[in-house]
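Notes follow the structure.
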Amino acid sequence: MKVTRKHAFSIGLVGGLGLFVVANLITYPMSRSLRLSPKLGLLDDGYASGFPFAFYFVWDGVPRESAFVLIELVLNLSIAVVCSFAIGLLFKKILGKPVRESSNGQTQRRES
């Protein structure tokens, strides 16, 4: 099956976003079990989740508190979109076959 440049870019973009979603989903149970925080190191009474920046913190003390850091969530989303766009461009360059139009108006894949 031949992949056009448009499809290759879409595959790379969606795949890159999927990787960031999976990474963020994995950090939640890992931070709960290991009690690690990327910012604070080892947490005795709480956990933090988020990749590459922790944007959600919970302290299990009395009273139980939590904090949601919006700027770090925005940074996470920005990094995910930029990296996924770059992965899409890489897929487009590596996997994509150029498409050209013939004289009768139909698109044909160019063989290389």
Side-chain angles (χ1 to χ4, degrees):
M1 180 177 126
K2 302 217 185 231
V3 179
T4 64
R5 288 181 183 225
K6 180 180 175 183
H7 291 111
F9 177 78
S10 299
I11 291 168
L13 183 70
V14 170
L17 289 172
L19 287 174
F20 275 92
V21 167
V22 168
N24 273 294
L25 291 175
I26 288 174
T27 61
Y28 180 73
M30 281 180 46
S31 66
R32 285 198 65 135
S33 63
L34 298 175
R35 302 281 183 180
L36 292 176
S37 165
K39 271 187 160 179
L40 307 173
L42 183 63
L43 295 176
D44 290 334
D45 61 346
Y47 57 92
S49 62
F51 176 82
F53 298 111
F55 58 87
Y56 183 67
F57 297 92
V58 175
W59 293 273
D60 289 334
V62 176
R64 184 179 175 152
E65 296 179 33
S66 64
F68 182 79
V69 184
L70 184 62
I71 188 70
E72 293 189 4
L73 176 63
V74 170
L75 286 172
N76 281 352
L77 291 174
S78 300
I79 290 170
V81 168
V82 169
C83 289
S84 297
F85 188 80
I87 291 170
L89 290 177
L90 185 67
F91 270 50
K92 179 180 173 182
K93 180 77 173 170
I94 293 173
L95 298 177
K97 299 290 181 193
V99 176
R100 64 182 172 139
E101 280 194 29
S102 65
S103 59
N104 61 1
Q106 296 177 347
T107 58
Q108 296 177 347
R109 289 193 185 108
R110 194 170 28 161
E111 300 297 325
S112 46

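We use all heavy atoms of the structure for the numbers below, so side chains are in, but hydrogens, waters and symmetry mates are not.
Nearest approach of Phe20 to Ala80, heavy atoms of both residues: CG-CB, 3.6 Å. Of all the heavy atoms in Pro52 and Asn76, the pair that sits closest is CD-OD1, 3.2 Å. The two residues Phe51 and Ala23 make their nearest non-hydrogen contact at CD2-CB, 3.5 Å.
Atom CZ of Arg5 and atom NZ of Lys93 lie 7.0 Å apart (nearest 0.5 Å). Rounded to the nearest 0.5 Å, atoms NZ (Lys92) and CD1 (Ile87) are 15.5 Å apart. Taking CG from Asn24 and CG from Leu19, the interatomic distance works out to 11.5 Å, rounded to the nearest 0.5 Å.
Under the 4.5 Å side-chain contact rule for hydrophobic residues, Leu77 and Val74 share a cluster. Under the 4.5 Å side-chain heavy-atom criterion for Ile, Leu, Val, Met, Phe, Trp and Tyr, Phe9 and Ile94 are members of distinct hydrophobic clusters. Linking ILVMFWY side-chain heavy atoms closer than 4.5 Å, directly or via other members, places Ile11 and Leu95 in a single hydrophobic cluster.
Remark: of the listed residues Val14, Leu13, Leu89, Leu13 is the sole one forming a side chain to side chain contact (heavy atoms under 4.5 Å, CB included) with Ser84.
When side chains are defined from C-beta on, Leu73 counts as touching Phe68, because their heavy atoms get closer than 4.5 Å.
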